[in-house]
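So you know, we letter chains A, B, ... as the sequences are listed, proteins then strands, and number each from 1. Here the structure is a predicted model, which is why all the values come from computation and not from measurement.
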Amino acid sequence: MLQIQYIRENREKVLEGLKIRNFKNPELIAQAILVDEERRKLQTETETIKSEANNLARRIGEHFKKGEKDQAEALKLETRLLKDKEKDIDTKLSELTVSIHDILVQIPNIPYSLVKQGKSAEDNEEVFTSGPASSGTFAPHWEVAAKHKLIDFEAGNKITGSGFPLYCNGGAKLQRALINFFLDEAVKAGFSEYQTPLLVNEESAYGTGQLPDKEGQMYHVTADNLYLIPTAEVPLTNIFRDVILKAEELPLKITAYSSCFRREAGSYGSDVRGLNRLHQFDKVEIVIVAHPDHSYNTLEMMVAHVKSLIEKLELPFRILRLCGGDMGFTSAMTYDFEVFAPGQSRWLEVSSVSNFETFQANRLKLRFRNEETKKTQLAHTLNGSALALPRIVAAILENHQTPEGIRIPAALVPYTGFEILK
RNA sequence: GGAAAGAUGGCAGAGCGGUUUAAUGCGGCGGUCUUGAAAACCGUUGAGGGUAACACCUCCGGGGGUUCGAAUCCCUCUCUUUCCGCCA
């Protein structure tokens with residue numbers, strides 16, 4: 001959520017930013033400013049009244065203490081009038097506060113200067129590509145998985161439903177190896193390892209922006225009003241809800257492995273074949289809380305980390321800087337990582353690394369104390385997948401097939417304990 | 001799941017209707033003293049809104065109520081602790 005003061009003071013900049021996103025409702029900005037103006041006017045009014053009422057109450061107290069009952073009673077009458085007036089204004093004030101909030105939650109983050117205008121995925125900029133994929137004929141991963149009995153989609157179907165695969169034997173071992181590999185690499189890069197709750201409350205879902213707009217994406221446990229996390233970003237970032245950090249604690253780098261749960265309502269076709277899109281999957285997430293002056297250096301550092309992971313897995317990939325129209329609601333700049341799946345001749349997104357600037361921090365009330373100004377200031381939050389498992393597994397199965405089985409990349413062999421998966 | 005007690009500033013901890021505009025201690029910061037440090041002493045030290053700067057307003061777990069006036073009384077929710085029960 002953007003800060004209303006920021007919108008008020010940077011109206012033109014905000015509108016330009018929304019244009020880069022192809023945002024459909026730029027009139028919300030004018031509305032927000034208008035309502036805010038009215039709200040502040042009422043606030044001044046009610047505060048003046050409160051101040052008067054406080055003074056009267058104090059005088060009444062003094063009169064009572066001196067035993068001057070008549071004077072006290074006279075002042076009481078005066079107070080009653082003020083109270084009626086105040087109640088009136090307060091009602092309007094809270095209405096306006098709600099309506100300004102309702103407007104603000106509909107306004108997406110303002111893109112960073114490097115982000116290009118664009119409407120859809122077609123307009124994304126490729127900023128890196130690892131070179132041509134190996135040539136030859138490749139089977140799609142679901143065939144490879146079936147051949148070697150690595151994943152039992154039917155069993156998962158029976159136990160739960162589609163999108164909940166059962167990993168078997170070597171397939172399960174590969175998953176565990178990848179999780180450990182990713183976590184170890186993150187720790188080596190300076191991230192502290194956490195293990196988080198997989199269910200979160202409403203406040204947390206709201207804090208990272210899943211609520212109110214992405215309600216349908218999450219599994220909701222209605223009996224206890226909890227949500228299954230769609231990503232470890234939610235619990236990890238909410239560690240810092242209502243927290244004031246010291247400047248020297250930044251950048252704060254944390255990581256966690258978690259299962260992730262997504263309803264993925266409305267996804268069909270080849271998109272959901274095999275491991276391409278699941279309701280439950282595993283992911284190692286990295287989260288950084290950064291000083292606003294350094295958050296874009298931090299973003300580049302995260303990109304370099306994710307890049308090194310994919311390189312160590314010896315997979316062909318590319319990095320895209322998302323255009324305004326394809327970027328998530330809360331992000332100021334996002335890099336997507338896509339690995340090539342030659343069995344399907346398509347790119348699969350395996351990581352998305354974003355800088356949210358103060359957009360999440362504002363909702364979370366995540367601040368740090370600025371040493372120069374001595375004041376609290378919103379921090380920047382960033383996160384990224386490092387990495388999401390299923391599509392990495394799919395890419396390994398499709399890229400590293402040999403007549404003997406699937407070749408395990410050298411970096412991963414210490415974790416699997418075998419060089420060929422069959 | 002049952003019973004009882006409790007939730008106050010970075011921490012500890014008073015306050016239970018009007019000198020609380022939150023005591024006191026610890027910690028933090030600044031200063032005096034000192035060659036330097038420690039000790040001692042003095043000062044300072046929550047967040048948000050608002051202002052050119054003051055003033056001023058809000059916040060004592062959340063929400064609601066009583067009252068001229070609520071940290072203090074009432075209702076309600078949440079959480080914590082202790083005891084009992086159940087349990088990986």
Side-chain angles (χ1 to χ4, degrees), chain A residues 1-9 32-33 35-101 103-104 195 197-207 211 220-227 235 238-250 252 259 289 358-379:
Chain A
M1 189 159 72
L2 294 176
Q3 296 175 90
I4 184 66
Q5 300 98 297
Y6 181 84
I7 294 177
R8 205 192 300 151
E9 287 158 19
I33 290 171
V35 177
D36 176 56
E37 223 165 272
E38 180 66 18
R39 204 209 84 234
R40 284 190 299 154
K41 213 176 87 194
L42 287 182
Q43 189 172 335
T44 311
E45 276 180 47
T46 184
E47 282 181 3
T48 309
I49 291 172
K50 274 183 188 141
S51 174
E52 282 172 37
N54 285 345
N55 273 321
L56 284 174
R58 214 165 294 151
R59 282 166 58 198
I60 291 170
E62 280 163 22
H63 282 309
F64 269 125
K65 218 188 300 173
K66 289 183 203 154
E68 301 162 348
K69 276 214 160 156
D70 293 350
Q71 276 122 316
E73 291 300 330
L75 287 180
K76 272 196 194 183
L77 288 176
E78 227 177 294
T79 317
R80 197 151 305 163
L81 288 175
L82 279 178
K83 283 279 143 183
D84 287 346
K85 222 160 109 191
E86 189 199 332
K87 206 168 184 182
D88 233 39
I89 296 173
D90 276 349
T91 309
K92 276 185 214 149
L93 187 63
S94 57
E95 277 169 17
L96 287 182
T97 306
V98 168
S99 86
I100 194 159
H101 181 263
I103 295 171
L104 288 179
Q195 212 173 80
L198 301 180
L199 289 128
V200 294
N201 57 29
E202 260 181 317
E203 289 78 27
S204 294
Y206 173 79
L211 292 180
H220 187 195
V221 181
T222 50
D224 297 291
N225 197 24
L226 297 172
Y227 294 87
N238 273 283
I239 295 171
F240 303 106
R241 176 146 50 86
D242 282 317
V243 165
I244 300 174
L245 295 164
K246 296 187 186 113
E248 64 261 29
E249 291 179 87
L250 304 177
L252 217 150
S259 292
V289 182
T358 59
F359 198 83
Q360 285 182 332
N362 187 32
R363 281 200 194 186
L364 292 163
K365 298 199 178 68
L366 163 52
R367 292 159 291 173
F368 70 100
R369 194 169 300 282
N370 188 314
E371 294 296 319
E372 286 136 42
T373 63
K374 301 280 181 201
K375 291 198 169 163
T376 58
Q377 185 183 337
L378 292 175

field: Electrostatic pair A:Glu73-A:Lys76, nearest N-O below 4.0 angstrom
entry: yes

query: Hey, which of these two, A:Ala57 or A:Lys76, hits RNA chain B nearer its 5' end, going by closest nucleotide?
result: A:Ala57

query: Contact class for A:Ile60 (heavy atom, under 4.0 Å): base, sugar-phosphate, or nothing?
result: base

- prompt: Taking atom types as modelled, is there a side-chain donor on A:Asn54 or A:Ser51 under 3.5 Å from an acceptor on the other?
  reply: no

message: Expressed as a whole number of angstroms, how long is the span from A:Lys246:NZ to B:rC29:C1'?
response: 13 Å

task: Begin from the C-alpha positions of A:Ile33 and A:Glu37 and carry the test side chain to side chain contact (heavy atoms under 4.5 Å, CB included) through to its verdict.
output: CA-CA 6 Å; A:Ile33 290 171; A:Glu37 223 165 272; 4.2 Å; yes

Gap in Å between the two P atoms, one belonging to B:rC11 and one to B:rA3, rounded: 32 Å

message: Within the supplied structure, the quantity of interest is the number of heavy atoms (other residues, nucleotides, ligands) at a distance under 6.0 Å from A:Arg59 CZ; does it exceed 12?
response: no

query: Say you pick atom C1' in B:rA47 and the same atom in B:rG10; how far apart are they, in whole Å?
result: 13 Å

- line: When rounded to whole Å, the CG to P distance for the pair A:Asp90 and B:rG65 reads 11 Å

- request: Please report, rounded to the nearest Å, how far the P atom of B:rU58 is from the CG atom of A:Leu93.
  value: 13 Å

message: Using the C1' atom as the point on both nucleotides, what is the distance between B:rA71 and B:rC60, in whole Å?
response: 5 Å

message: Can you measure A:Glu52 atom CD to B:rG69 atom P for me and round it to whole angstrom units?
response: 15 Å

task: Take atom NE2 of A:His63 and atom P of B:rC68, then tell me their distance rounded to the nearest Å.
output: 16 Å

field: A:Glu45 CD - B:rU58 P separation (whole Å)
entry: 16 Å

task: Sticking with atom C1', work out how far B:rG69 lies from B:rA14, rounded to a whole angstrom.
output: 22 Å

- prompt: A:Pro235 and A:Pro197: which non-hydrogen atoms are nearest, and at how many Å?
  reply: CG-O, 3.8 Å

- request: Please measure how far the P atom in B:rC29 lies from the corresponding atom in B:rU78, and state the result in whole Å.
  value: 42 Å

field: Gap between atom CG of A:Leu75 and atom CG of A:Leu56 - 0.5 Å precision
entry: 6.0 Å

message: Could you report the tightest heavy-atom contact between A:Gly207 and A:Arg363, atom names first, then the distance?
response: O-CB, 3.8 Å

query: Taking OP1 and OP2 of B:rG69, is either one under 4.0 Å from a side-chain nitrogen or oxygen of A:Asn54?
result: no

query: Any donor and acceptor pair, going by atom type alone, linking the side chain of A:Asn370 with main-chain N or O of A:Gln377 inside 3.5 Å?
result: no

message: Between A:Asp36 and A:Arg39, does the salt bridge (Lys or Arg N to Asp or Glu O under 4.0 Å) criterion hold? Intermediate values first, please.
response: CA-CA 5 Å; A:Asp36 176 56; A:Arg39 204 209 84 234; 2.9 Å; yes

task: Send over the distance from A:Arg58 CZ to B:rU20 P, rounded to a whole Å.
output: 12 Å

query: What string of B, S and - do you get for nucleotides 45-52 of chain B, 5' to 3', when a contact is any protein heavy atom under 4.0 Å?
result: --SSB---

field: Between B:rC33 and B:rG28 - P atom distance, rounded Å
entry: 22 Å

message: Taking A:Thr91's backbone N and O only, do any of them form a donor-acceptor pair with A:Ser94's side chain (distance below 3.5 Å, no angle check)?
response: yes

- prompt: A:Leu245 CG to B:rG10 C1': how many Å, rounded?
  reply: 14 Å

- request: Please list every stem that involves RNA chain B, where a stem is a run of 3 or more consecutive Watson-Crick or G-U wobble pairs with both pairing distances under 3.5 Å.
  value: B:1-7 with B:78-84, B:10-12 with B:24-26, B:27-32 with B:40-45, B:46-49 with B:56-59, B:61-65 with B:73-77

message: Using atom P in both nucleotides, what's the gap between B:rU44 and B:rG63 to the nearest angstrom?
response: 32 Å

query: Which whole number of Å gives the distance between the C1' atom of B:rU58 and that of B:rG9?
result: 16 Å

